[in-house]
Amino acid sequence: MHNTHPGVHIAAKCTAPALGLSLVVLLAAGTITPASPNVRADSPLAWPLERWVGWRDEQINHILTSTLAPTGSDTRKMLARKEVSRASMHAYTVIQECLKADSSYFSKDAGRARELGNFVRFVKAQQWMVIPPGAAGKVPYGLGLEVPDEQYWNLAKPYLEFPELLKSQRFLTAMASPGTYRQALEMIDSINANLPPERKWISLLFDAQFITTVDDAHTYGRMLVMVPNEPVGNSEVADRWIQFGIADPGTYPETRSVSMFTVVRNAETPAKTTTYFSDFMRIRDKQTGKFSIRSNFTMLHDPSLNCYNCHKSSVLPIHPAREYVLDSGGKLAENRANAGELPAKLNNLIMGYGPPNYVYQDTFAYGPCLGPTNRYRSDAFLKSATAGLDISPTSYDRIRNAMHCSNCHNNFGVINYPQAVPTDLDLKAFRTHRGMVQTLVEQGTMPPGNTLTARERQALWRCLMSEYLNMDTKQGILADWLRGDSVSASPAVRN
Ligand code: HEC
Ligand code: HEC
């Protein structure tokens, strides 16, 4: 990967003469007090607000310049997440120096809180993913949580127990090869026979359209088992979404990945949920042939990284490339009878989970939602964002009216960095090298029920993205927010 950012001298570089002068003026006017005598004159603790703002803007510029060099014919401009994290860490070292001296440094002063609050949260959240120097192997904070991954696993473990059947030898053995998937499904049927309707497990076989498993099989084949409304503790219930990697038809690699998202809610406050997650491997002991399930987060070479990068809503909807059923011979065959029914039933649950609460993750720190409701989009903006697509001005209102994503998404899954920005995640993780937003918008899935033409849907995606972060000017909703603008307070009409 190519690193195009200019260097690491930013904290030291400041427009000294200009700032010096304004400092004198501010001091004379009595608007700020000089730093206490035990603070070094050049310490950031002594910076006046104006210097902080200048520094912040340089850092933002630096972070948003962390682009990937274009490869081959792919000339799209995109942010390289590693570079964003590195540039964030660079800024965070300065911030940390102040926080160490005074943990309320950025919150106790109204000006600093306003100008730097969002920026501090963003860089803090992104710097976790930097691999510390000398850390051979494991990234301690690869998940981007406030606690190291391994510690997270220990905290989350009680919520991520597999149901007895799903961790049993007979089930895991049946899941190990395509010829016995039928037996695995029959075991689930026999569990369901004794459960009341609201607790029956839902299983779905499909070919995923977005990403592969993280094991060596790198398969798109999936078997999702959703275990709903399971009582936990005294007054809580959990929905467990357990997703097994399975072999795609025709290929027989040993598939080991399995993942779980557990959404816990109190029976009395159903829209207030807490979510726990982990990726696991089903590991077969070479000698005994027996299976065990182990969390990736405890592994030295953990292939799983930041889940919130994609999981903006706690559980992501299932929009399969293809659904499968088992044919009379027990082989995976495309479901041509009632495809779409089970995914719709499952996806309908997602909005009801409310905003994700991952406990140890500051989801707010990843920025505001793509497609806010209260923004004016001028014809000139639409024209420039859709240049080359040959969009008639008669389409502008149709596109504008479809741009209100935050109307729903603020309630259950704010679409923010990196999903709302072109990044190397699109390139590296996704089957079509397009992110989830682009795919669901261009396929016509989002916003729900729209009647846009294929061309208008392409235009909609372009408008949303260039409004959020214009990769040429580095301006937009994300940049404004990093500079402390609250999106809800952004002017409804801009000239
Ligand atoms: C690059 C994007 C991406 C990342 C990163 C990601 N996921 Fe997912 N995940 C998806 C998509 C997309 C789906 C929806 C099903 C599908 O298409 O495969 C999904 C589905 C799931 C499901 C099934 C329940 C649901 O949400 O639909 C589980 C469980 C899951 N992921 C766990 C994880 C865990 C744990 C992590 C972090 C270690 C993680 N995922 C990271 C994209 C991602
Ligand atoms: C009427 C409410 C509504 C509006 C408006 C809406 N969405 Fe969604 N969106 C949903 C729901 C509900 C889901 C999850 C269930 C599903 O996919 O069927 C979802 C899922 C998604 C997902 C996958 C899950 C995630 O959180 O990343 C993306 C991406 C997405 N929407 C993008 C958009 C974009 C972009 C817009 C604006 C152009 C938009 N949506 C407008 C309701 C909405």
Side-chain angles (χ1 to χ4, degrees), residues 142-145 149 152-153 156 160 204 206-214 219-226 239-245 257-263 275-280 295-297 302-321 340 343-353 356 358 369-373 399 401-416 418-420 423 425-426 428-431 435-450 452 457 460-461 463-465 468:
L143 295 169
L145 303 173
D149 301 356
Y152 173 70
W153 164 247
L160 295 166
L204 176 70
F206 66 102
D207 174 35
Q209 71 161 326
F210 289 115
I211 62 167
T212 67
T213 50
V214 294
T219 160
Y220 290 100
R222 298 285 186 274
M223 181 167 110
L224 177 75
V225 183
M226 210 294 248
D239 286 354
R240 282 175 210 280
W241 297 67
I242 301 163
Q243 186 160 262
F244 291 84
S257 278
V258 52
S259 314
M260 193 187 313
F261 257 72
T262 302
V263 184
T275 303
Y276 300 91
F277 51 73
S278 187
D279 275 353
F280 303 84
S295 169
N296 291 10
F297 305 165
D302 174 6
S304 302
L305 295 167
N306 191 325
C307 312
Y308 184 62
N309 274 349
C310 291
H311 282 257
K312 297 302 179 186
S313 45
S314 16
V315 167
L316 282 177
I318 313 292
H319 294 289
K345 186 172 170 185
L346 291 163
N347 294 349
N348 273 341
L349 295 169
I350 292 171
M351 194 145 33
Y353 289 155
Y358 293 130
C369 194
L370 179 77
T373 47
I399 296 167
N401 292 338
M403 285 180 76
H404 302 165
C405 317
S406 75
N407 214 4
C408 295
H409 280 267
N410 271 347
N411 302 323
F412 72 96
V414 166
I415 303 174
N416 51 17
Q419 287 297 312
T423 72
L425 184 67
D426 303 348
K428 290 180 181 151
F430 289 96
R431 197 167 185 172
M436 240 185 310
V437 175
Q438 181 173 7
T439 305
L440 295 182
V441 166
E442 289 187 351
Q443 288 177 344
T445 314
M446 287 292 140
N450 75 79
L452 302 175
R457 301 199 293 260
L460 169 62
W461 176 72
C463 289
L464 288 167
M465 296 304 262
Y468 197 79

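Being a predicted model, the structure only gives us computed values, none of them experimental. We count ligands from 1, going down the list as the structure has it; atoms in each ligand are counted the same way.
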Problem - Residue-atom pairs from the protein, N, O or S only, that lie under 2.8 Å from atom 8 (Fe) of ligand 1 - result: His311 NE2
Of all heavy-atom pairs between [X] and [Y], which one has the smallest distance, and what is that distance?
X: Ile399; Y: Leu452; value: N-CD2, 4.5 Å
X: Tyr220; Y: Thr212; value: CZ-CG2, 3.4 Å
X: Ser304; Y: Val214; value: OG-CG2, 3.8 Å
X: Trp241; Y: Leu346; value: CH2-O, 3.6 Å
X: Thr275; Y: Phe261; value: CG2-CD2, 3.4 Å
X: Gln419; Y: Val437; value: O-CG2, 3.6 Å

Taking side chain as C-beta onward, heavy atoms only, is [X] less than 4.5 Å from [Y]?
X: Asp239; Y: Tyr353; result: yes
X: His319; Y: Asn347; result: yes
X: Ile318; Y: Gln243; result: yes

Where on [X] is there a heavy atom closer than 4.0 Å to ligand 1, on the side chain, on the backbone, on both, or on neither?
X: Ile318; result: side chain
X: Pro320; result: neither
X: Ile242; result: neither

Problem - Listed once per pair and sorted, the side chain to side chain donor-acceptor pair (under 3.5 Å) pairs that draw on residues 435-446, sequence neighbours left out - result: Gln209-Gln443, Gln438-Glu442
Problem - Residue pairs, two or more places apart or on separate chains, that pass side chain to side chain donor-acceptor pair (under 3.5 Å) and touch residues 307-318 - result: Tyr308-Asn416, Lys312-Asn416
Practice task
Mind running side-chain contact (heavy atoms from CB on, under 4.5 Å) on Cys405 and Met446 for me, showing each step along the way?
Solution key: CA-CA 9 Å; Cys405 317; Met446 287 292 140; over 6 Å; no
Exercise for the section: Tell me which part of Leu464 gets within contact of ligand 2: side chain, backbone, both or neither, using heavy atoms under 4.0 Å. Expected result: side chain
Handout entry: Nearest neighbour of atom 16 (C) of ligand 2 from the list Gln438, Arg457, His319, on a heavy-atom basis
Key = His319
Handout entry: Closest candidate by heavy atom, reference atom 15 (C) of ligand 2, pool Asn347, Val315, Thr373, Ile399
Key = Asn347
What are the atoms of ligand 1, with element, lying closer than 4.0 Å to any heavy atom of [X]?
X: Met260; result: 29 (C)
X: Leu305; result: 37 (C), 38 (C)
X: Ser278; result: 35 (C)
X: Ser304; result: 38 (C)
X: Asn306; result: 5 (C)
X: Arg222; result: 18 (O)

Check whether [X] reaches the backbone of [Y] with its side chain - one donor and one acceptor, N or O, closer than 3.5 Å.
X: Arg222; Y: Phe206; answer: no
X: Ser406; Y: Thr373; answer: yes
X: Asn296; Y: Ser278; answer: no
X: Asp149; Y: Gly142; answer: yes

Practice task
Give yes or no for whether the N/O distance cutoff of 3.5 Å, strictly under, is met between Ser313 and ligand 2.
Solution key: yes
Handout entry: Nitrogen or oxygen atoms of His404 and ligand 2 under 3.5 Å apart
Key = no
Exercise for the section: Work out whether the distance between some heavy atom of Trp461 and some atom of ligand 2 is less than 4.0 Å. Expected result: no
Nearest protein heavy-atom contact for [atom]: which residue, which atom, what distance?
atom: atom 12 (C) of ligand 1; answer: Phe210 CD1, 3.5 Å
atom: atom 18 (O) of ligand 1; answer: Ala208 CB, 3.5 Å
atom: atom 13 (C) of ligand 2; answer: Phe412 CZ, 3.6 Å
atom: atom 14 (C) of ligand 1; answer: Pro317 O, 3.5 Å
atom: atom 24 (C) of ligand 1; answer: Trp241 CB, 3.8 Å
atom: atom 35 (C) of ligand 1; answer: Asp279 OD1, 3.2 Å

Problem - side-chain contact (heavy atoms from CB on, under 4.5 Å) partner of Phe277, chosen from Cys307, Ser259, Pro356 - result: Cys307
Exercise for the section: Apply the side-chain contact (heavy atoms from CB on, under 4.5 Å) test between Leu370 and each candidate in Val414, Ile415, Val441; give the one that qualifies. Expected result: Ile415
Exercise for the section: For residues Trp153 and Phe280, establish whether the separation of their ring centroids is below 6.0 Å. Expected result: yes
Completion exercise
Output for pair (Asp279 CG, Thr213 OG1), nearest 0.5 Å, gives 10.0 Å
Problem - Separation between CG of Leu143 and CZ of Phe297, rounded to the nearest 0.5 Å - result: 4.5 Å
Exercise for the section: Output, by chain and residue number, all protein N/O/S atoms separated from atom 8 (Fe) of ligand 2 by less than 2.8 Å. Expected result: His409 NE2, Met446 SD
Practice task
For Val441, take its heavy atoms, then give the atoms of ligand 2 lying under 4.0 Å from any of them.
Solution key: 35 (C)
Exercise for the section: Any atoms of ligand 2 less than 4.0 Å from a non-hydrogen atom of Ala402? List them with their elements. Expected result: 37 (C), 38 (C)
